[in-house]
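These notes are about the structure you will find just below.
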Amino acid sequence: MNRPTILTGDRTTGPLHIGHYAGSLANRLRYQDSHDQFLLLADTQALTDNAHDPEKVRRSVIEVALDYLAVGIDPGRTTICLQSHLPALAELSMLYLNFVTVARLERNPTIKDEIRARGFGRDIPAGFLCYPAAQAADITAFRATVVPVGEDQAPLIEQTNEIVRRINAMTDRAVLPEARAIIPRTGRLPGIDGKAKMSKSGGNAIALSASPETIRNAVRAMFTDPNHLRVEDPGRIEGNVVFTYLDAFDPHPGGLAELKARYQRGGLGDSKIKARLEAILQELLAPIRARRAQLSEDRGYVLDVIRDGTERARERTEATRRDVVNALGLFQL
Ligand code: TRP
């Protein structure tokens with residue numbers, strides 16, 4: 001049985017939120033049966049913009065692993081592994097840096113956005129600027145052909161494929177496969193304040209582990225249509241965070257379409273649409289929160305899952321490293 005390989009992952013900078021769920025976790029759950037799936041706890045990549053706080057990066061490894069397991073990632077079908085413990089990834093990164101220019105890295109739209117968001121100015125950590133080459137190493141080391149990620153990651157997959165094509169052309173062999181990004185149709189979820197990006201550091205996210213009260217308060221505080229002052233007024237759907245989230249999470253598209261029409265006509269208050277969204281989110285997150293609480297009591301189990309997965313990933317990534325070194329024709333001892 002030849003199933004396509006998936007590699008994807010998350011920086012370990014804190015617990016995951018519902019944006020991650022809509023953006024990639026839901027897809028990863030679906031792929032468990034049809035693909036050979038690897039999930040990378042990307043702690044070395046997390047360090048590229050968190051070198052001042054390695055303690056956070058370390059602590060978050062378990063948090064992200066707990067989130068994976070709590071949403072239903074099954075370690076029997078998906079391999080969860082730890083980036084810093086896979087030396088082949090670091091070695092491939094060094095090799096790939098010779099197949100990408102600084103100018104190309106600086107032009108990467110994801111990198112440009114992130115540099116702006118982090119306020120690096122001219123003081124960009126070199127590791128950060130170069131992480132697209134490291135991410136190319138992650139993807140190719142597993143020989144992944146499918147990468148389910150949020151839409152912000154698409155330029156990284158493009159840059160991965162450029163490196164792959166360059167190495168294949170240089171060595172005149174298909175040493176590495178190209179990969180395809182799978183991006184959810186809902187696009188990236190905005191923060192509850194309507195700001196472009198949901199992020200833990202922005203304080204505008206709903207964590208997968210959020211308590212029922214936190215969920216309730218977050219939905220109540222959610223940005224809607226600032227001109228929708230009275231219930232009778234027509235309301236706007238576009239840019240209205242409640243409807244954006246309903247689009248992502250409402251399991252009844254028919255009912256939602258009707259709700260939107262009523263809101264646009266006028267006569268439907270924000271409290272009604274918020275009540276619907278809150279009920280949906282409470283129902284989605286209650287079982288995740290319960291499983292997470294249970295798993296966090298058993299740290300030994302979570303560590304075993306990461307250890308076993310990393311062991312399996314080590315063999316696979318090491319084999320690719322050898323192939324690339326051979327193809328490049330480096331000296332053999
Ligand atoms: N860049 C991803 C993030 O910001 C994490 C990541 C690291 C990743 N390596 C990857 C995603 C490989 C997909 C494939 O969370």
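It should be emphasised that the depicted structure is a prediction, and the values quoted were computed from it without experimental measurement. As the structure lists them, so they are numbered: ligands from 1, and atoms in each ligand from 1.
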Provide, line by line, the atom pairs where ligand 1 and the protein bring an N/O atom each to a distance under 3.5 Å; else say none.
from     : atom 1 : to     : atom 2 : distance (Å)
ligand 1 : 1 (N)  : Gln45  : OE1    : 2.7
ligand 1 : 1 (N)  : Gln135 : OE1    : 2.9
ligand 1 : 1 (N)  : Gln153 : OE1    : 2.9
ligand 1 : 4 (O)  : Arg11  : NE     : 3.4
ligand 1 : 9 (N)  : Asp138 : OD2    : 2.7
ligand 1 : 15 (O) : Arg11  : N      : 3.2

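Using a 3.5 Å distance cut-off with no hydrogens or angles, the side chains of Arg289 and Ser209 do not pair a donor with an acceptor. A donor-acceptor pair shorter than 3.5 Å cannot be found between the side chains of Thr317 and Arg322. Tyr68 and Thr78 share no side-chain donor-acceptor pair at under 3.5 Å.
Pairs passing the ring pair (Phe, Tyr, Trp, His ring centres under 6.0 Å) check and including a residue from residues 196-240, sequence neighbours excluded, read His228-Tyr263.
Note: Tyr131 and Phe128 meet the aromatic proximity criterion, with ring centroids under 6.0 Å apart.
No donor-acceptor pair closer than 3.5 Å links the side chain of Thr140 to the backbone N or O of Arg143.
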